[in-house]
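Here the structure comes first, spelled out in structure tokens, and everything after it is commentary.
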Amino acid sequence: MSFRDRDIDYGSAAVGTLVGLAGLLFLAEPVVDPLALGGLRVRPVALSTVVLALGFGLGGVVYLRRGQRLIGTAHAVGAVGWGLLALAPAVGSETALVLGLAVVVGGAVALVVQVSRNRDAR
């Protein structure tokens, strides 16, 4: 079967592209100067958190619309957590930083627990 014979899942491809771009921006931080966005100069690592939040947000919408509750909810929780982590330094809020970190870590722990329960139920 060739690549042309496969159906492309555009929703998942878009989510993966955004998450991958976020990873590249994160890795580019040490070697790339801040990027000009309008009148702002934004460090790649800061931009990576925004792109990651957008990718997770899109994933939440894509997977929840398909009825995939676990993966959709995991993406939505990740979007909230990473969105708070992106927002925190922009507004200088330590509260948003701690809350964002708590949401990301709590969401990851909840996902591991749920996957473990699903495996045990088989």
For this session: Please round to the nearest 0.5 Å and tell me the distance separating atom CG of Leu87 and atom CH2 of Trp82.
Result: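 One finds 14.0 Å between CG of Leu87 and CH2 of Trp82.
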Exercise. Atom CD of Gln68 and atom OG of Ser12: how far apart are they, to the nearest 0.5 Å?
Worked result: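 It is 7.5 Å, given to the nearest 0.5 Å.
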Are [X] and [Y] joined in one hydrophobic group, where the rule is that I, L, V, M, F, W and Y side chains link up if heavy atoms are under 4.5 Å apart?
X     : Y     : answer
Val15 : Ile71 : yes
Leu97 : Val80 : no
Leu47 : Leu84 : no
Phe56 : Leu85 : yes

Exercise. Any side-chain heavy atom of Val115 within less than 4.5 Å of one from Leu70?
Worked result: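 In short, these two side chains touch, coming nearer than 4.5 Å.
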Problem set entry | Donor-acceptor side-chain pairing of Thr73 and Tyr63 below 3.5 angstrom |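 Short answer, no.
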For this session: Compare every heavy atom of His75 with every heavy atom of Gly60, then report the nearest pair and how far apart it is.
Result: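 Taking Gly60 first and His75 second, the nearest heavy atoms are N-CB, 3.3 Å.
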Exercise. Ala79 and Ala53: which non-hydrogen atoms are nearest, and at how many Å?
Worked result: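 In terms of heavy atoms, the two residues are closest at CB-O, 3.6 Å.
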For this session: Check the surroundings of atom CZ in Arg41: do more than 12 heavy atoms from other residues, nucleotides or ligands lie under 6.0 Å from it?
Result: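 Counting other residues, nucleotides and ligands, CZ of Arg41 exceeds 12 neighbours.
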Please report, to 0.1 Å, the donor-acceptor pairs under 3.5 Å made by any side chain of residues 16-37, with sequence neighbours excluded.
unit_1: Thr17; atom_1: OG1; unit_2: Ala13; atom_2: O; d: 2.7
unit_1: Glu29; atom_1: OE1; unit_2: Val45; atom_2: N; d: 3.0
unit_1: Glu29; atom_1: OE2; unit_2: Arg43; atom_2: NE; d: 2.9
unit_1: Glu29; atom_1: OE2; unit_2: Arg43; atom_2: NH2; d: 2.9

For this session: Determine which pairs satisfy ring pair (Phe, Tyr, Trp, His ring centres under 6.0 Å) with at least one residue from residues 84-122, sequence neighbours left out, and list them in order.
Result: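 Passing the test, one end in residues 84-122: no pairs.
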